Amino acid sequence: MERFLMDSLKEWKLRENRKPLVIMGARQVGKTWLMKEFGRLYFKRTAYISFFNNARMKRVFDSTYDVRRIIAAINIETGITVNPEDTLIIFDEIQDAPKAFESLKYFCENAPEYYIVAAGSLLGVALHEGISFPVGKVDLLRLYPLSFREYLCAAGEQQLSDLLLTKDYGLIDSFRDKYIFHLKNYYFTGGMPEAVEVFIRDYAYKAAREVQKNIIFQYRGDFGKHISRQDLPRVNMVWDSIPSQLSKENKKFFFGKVKQGGRSAEFERAIEWLSDAGLVNLVFRVSKPDIPLAAYKQFSMFKLFMLDIGLLGAMSDLDEKVLLEGNRLFVEFKGALAEQYVLQQLLCETPYTPYYYGTKKSTFEQDFLLQSGMHTVPIEVKAEGNVRSQSLRLFYEKFHPARSVRLSLLPYKDQDWLCNLPLYAVCNLRDLSVS
C-alpha cells in the first residue's frame with residue numbers, strides 16, 4: 001500500500017539539519033506500518049521499540065538520558081546493533097513513556113547522527129495532559145487516513161491517481177465514469193488502511209464495514225481507558241452526535257443537539273479530548289473573509305467532522321445498497337459525506353488550514369475558506385451535479401475574491417469568476433494559483 005507521506009520521510013532522511021521525527025495521527029491510520037516500511041526500504045537495519053506494556057524499556061528512560069546507555073539498552077532489547085549510519089530507531093506508542101519522549105531533546109542536542117522516528121496514537125492527548133514537549137528539538141509530520149489518490153493506488157489505479165496531478169482536464173474528464181465509480185467506493189470504505197485493504201481484495205463491502213465497526217469499537221475502548229469517569233459520558237455524547245450534527249442543513253456544531261439545553265462549557269473538554277486524539281477535525285468559522293483568516297477565527301463557532309468518511313458512514317449505518325442507486329450516495333445526510341470527503345482531502349493533500357465563513361443572517365455562507373498568500377478563496381461543495389445555489393455568486397459580488405471554487409460532480413470548467421473542479425480532483429487545490 002502506497003502512502004505519499006513516505007516522500008516526506010525520504011526527504012527527512014537526507015536533510016542535513018535533521019532532528020528526531022515525530023509522526024502524529026490517530027490510532028489505526030497506519031503509523032506503525034509506515035515507520036517499519038520506511039526502515040525496510042531505506043535502512044540496513046531497523047531497531048523497533050514499542051512502549052506499550054513495556055515496563056523494562058520505560059525504566060531505561062526513567063533512570064537516564066545518557067545516549068550511550070539508551071543505545072546499549074536498545075541493542076539488548078531488539079537484538080540489533082544500532083549503527084548511526086544505517087539504522088533506523090523506531091519509538092512506537094511513545095505517549096506511554098513520557099521520559100522517552102523527552103529524551104528526543106537529548107538525541108537532537110548530543111547525538112544528532114542517529115535516525116529516530118517516534119509515533120503515538122494518543123500523543124496529542126498526552127501532550128495536553130502535561131508531557132513535556134521538546135520544543136524546537138523535533139521535526140513533525142501528521143499522518144491521515146488514505147487520501148482518494150492513495151485509495152486509487154491501493155485499488156490498482158496508479159495511472160488514474162497520477163493523471164489527476166497533470167491537470168489535463170480534457171483527458172481527466174474522459175475517465176469521469178471511472179473516477180466517479182471509485183469515488184463512490186471511497187465514500188463507503190473511507191481511508192482507514194485495514195478497511196481499504198480488506199475491501200480491494202474483491203470489493204467486499206460488508207467486510208470493510210466490519211473493519212470500520214471494529215475500529216469504532218476500539219476507539220470507544222480508548223475512551224474508557226483514558227478518560228475520567230466524569231468526562232466519559234460527555235465524550236460519548238459528543239462522539240455519538242456527530243452524524244446528526246452533519247446531517248443538518250446548517251452544519252455548525254450545536255451543543256443543544258448533544259443534549260437538550262447543553263452548553264459549550266459542559267462539552268468543551270470532551271471536544272478537546274477527541275481533537276487531541278485525532279478522532280475529530282474542527283473547522284472554525286471566521287467573522288470576516290480577510291487576511292489573515294486566523295485573526296477572524298470565532299472559537300465558539302465551528303463544524304465538527306469525523307476523522308474518516310468511512311467511519312462516518314459506519315456510525316450512521318449507511319447501507320451498501322445505496323451505492324447502486326445512481327448518485328444518491330453523494331447527497332446522503334444533506335451533502336454531509338461530500339463535505340467530510342472534501343475536508344479530508346484538504347487536510348492531507350494541501351498545505352492550507354480550512355475555515356468557513358458565515359454570519360447569523362448570512363445568505364451566502366461558504367462551506368470552506370482557504371488562505372492562499374494574500375488572498376482568500378471560497379470553496380463551495382455541491383454533492384452532485386445540481387449547482388444552482390446562489391450563495392457563492394452572492395459571496396463573490398460582496399467580497400470580490402480573486403478566485404472562487406465550486407466542487408461538484410460536473411466536469412472541470414474555468415469561468416471568469418468561478419472554477420468548477422470535479423470532486424475527484426480536490427487534490428489540485430494544493431496549488432490555487434491566485435494572482
Side-chain angles (χ1 to χ4, degrees), residues 4 24-26 29 142-151 164 183-184 186-192 238-239 241-253 271 274-275 277-286 289 293-294 297-298 301-316 318 329-358 365-372 376-384 391-392 405-409 421-430 432:
F4 298 154
M24 306 285 285
V29 296
R142 180 170 288 276
L143 184 65
Y144 294 98
L146 274 74
S147 68
F148 178 57
R149 283 202 310 121
E150 288 176 315
Y151 169 85
L164 288 172
L183 187 61
K184 287 171 73 172
Y186 180 80
Y187 269 39
F188 186 87
T189 65
M192 301 305 284
V238 170
W239 177 253
S241 80
I242 295 174
S244 63
Q245 296 278 356
L246 293 177
S247 69
K248 308 189 309 304
E249 195 71 45
N250 178 358
K251 293 175 176 54
K252 172 183 171 293
F253 189 88
I271 293 172
L274 289 167
S275 177
L279 301 182
V280 299
N281 294 303
L282 284 82
V283 177
F284 289 96
R285 191 167 84 177
V286 293
L293 288 175
K297 180 164 70 173
Q298 298 178 291
M301 307 287 184
F302 54 86
K303 301 177 186 178
L304 193 65
F305 291 91
M306 290 282 294
L307 162 71
D308 177 66
I309 188 171
L311 298 184
L312 175 60
M315 284 184 64
S316 308
L318 184 68
L329 177 65
F330 294 116
V331 296
E332 282 294 315
F333 311 128
K334 290 184 167 52
L337 291 175
E339 280 198 45
Q340 171 73 48
Y341 161 77
V342 170
L343 176 65
Q344 277 184 243
Q345 310 315 302
L346 290 175
L347 291 175
C348 63
E349 289 271 28
T350 80
Y352 309 112
T353 299
Y355 296 91
Y356 81 100
Y357 173 76
E365 179 175 293
Q366 288 310 297
D367 299 316
F368 297 106
L369 201 60
L370 308 181
Q371 179 178 324
S372 176
T376 57
V377 181
I379 308 291
E380 182 177 67
V381 180
K382 306 304 289 184
E384 50 176 347
S391 61
L392 187 56
V405 177
R406 181 172 59 210
L407 296 163
S408 75
L409 288 183
L421 194 65
L423 279 163
Y424 44 80
V426 177
C427 58
N428 286 332
L429 287 176
R430 68 179 66 194
L432 287 167

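For reference, positions follow the sequence shown, starting with 1. These numbers come from a predicted model, not from an experiment.
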I need the [X] [atom1] to [Y] [atom2] distance, nearest 0.5 Å.
X	Y	atom1	atom2	answer
L311	T189	CG	OG1	10.5 Å
Y356	M301	OH	CE	7.5 Å
L146	Q344	CG	CD	10.0 Å
L343	M306	CG	CE	12.0 Å
F284	Y355	CZ	OH	8.5 Å
L307	Q340	CG	CD	8.0 Å

Q.
Checking L429 against V342 for the side chain to side chain contact (heavy atoms under 4.5 Å, CB included) test, could you report, in this order, the C-alpha distance in whole Å, the side-chain angles of both residues, the deciding distance, and whether it holds?
A. CA-CA 10 Å; L429 287 176; V342 170; 5.6 Å; no
[X] side chain to [Y] backbone, donor-acceptor under 3.5 Å:
X	Y	result
K303	D367	yes
Y352	R430	yes
E349	V426	no
Q371	L293	yes
S275	I271	no
Q245	L304	no
D308	G191	yes
E150	F4	yes

Taking every non-hydrogen atom, the tightest pair across [X] and [Y]:
X	Y	value
A338	A383	CB-CA, 4.0 Å
K251	A336	CE-CA, 3.7 Å
G278	A26	O-CB, 3.6 Å
Q366	S391	NE2-O, 3.4 Å
P145	M192	CG-SD, 3.8 Å
P289	T376	O-OG1, 3.3 Å

Q. With sequence neighbours left out, what residues match Y144 under ring-ring contact (aromatic ring centres under 6.0 Å, His included)?
A.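 Testing Y144 for ring-ring contact (aromatic ring centres under 6.0 Å, His included), a comparison that skips the adjacent residues, returns none.
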(Q) F148: which residues meet the ring-ring contact (aromatic ring centres under 6.0 Å, His included) condition with it, sequence neighbours left out? (A)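 For F148, the residues satisfying ring-ring contact (aromatic ring centres under 6.0 Å, His included) (neighbours in sequence not counted) are Y186.
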Q: Output, in order, the C-alpha distance, side-chain angles, deciding distance and verdict of side chain to side chain contact (heavy atoms under 4.5 Å, CB included) for L407 and K382.
A: CA-CA 6 Å; L407 296 163; K382 306 304 289 184; over 6 Å; no
Hey, does [Y] have a side-chain heavy atom less than 4.5 Å from the side chain of [X]?
X	Y	answer
Q298	V286	no
Y341	V381	no
P354	L369	no
L346	I379	no

Q: Check the pair V238, V280 against side chain to side chain contact (heavy atoms under 4.5 Å, CB included), reporting the backbone distance first and the verdict last.
A: CA-CA 10 Å; V238 170; V280 299; over 6 Å; no
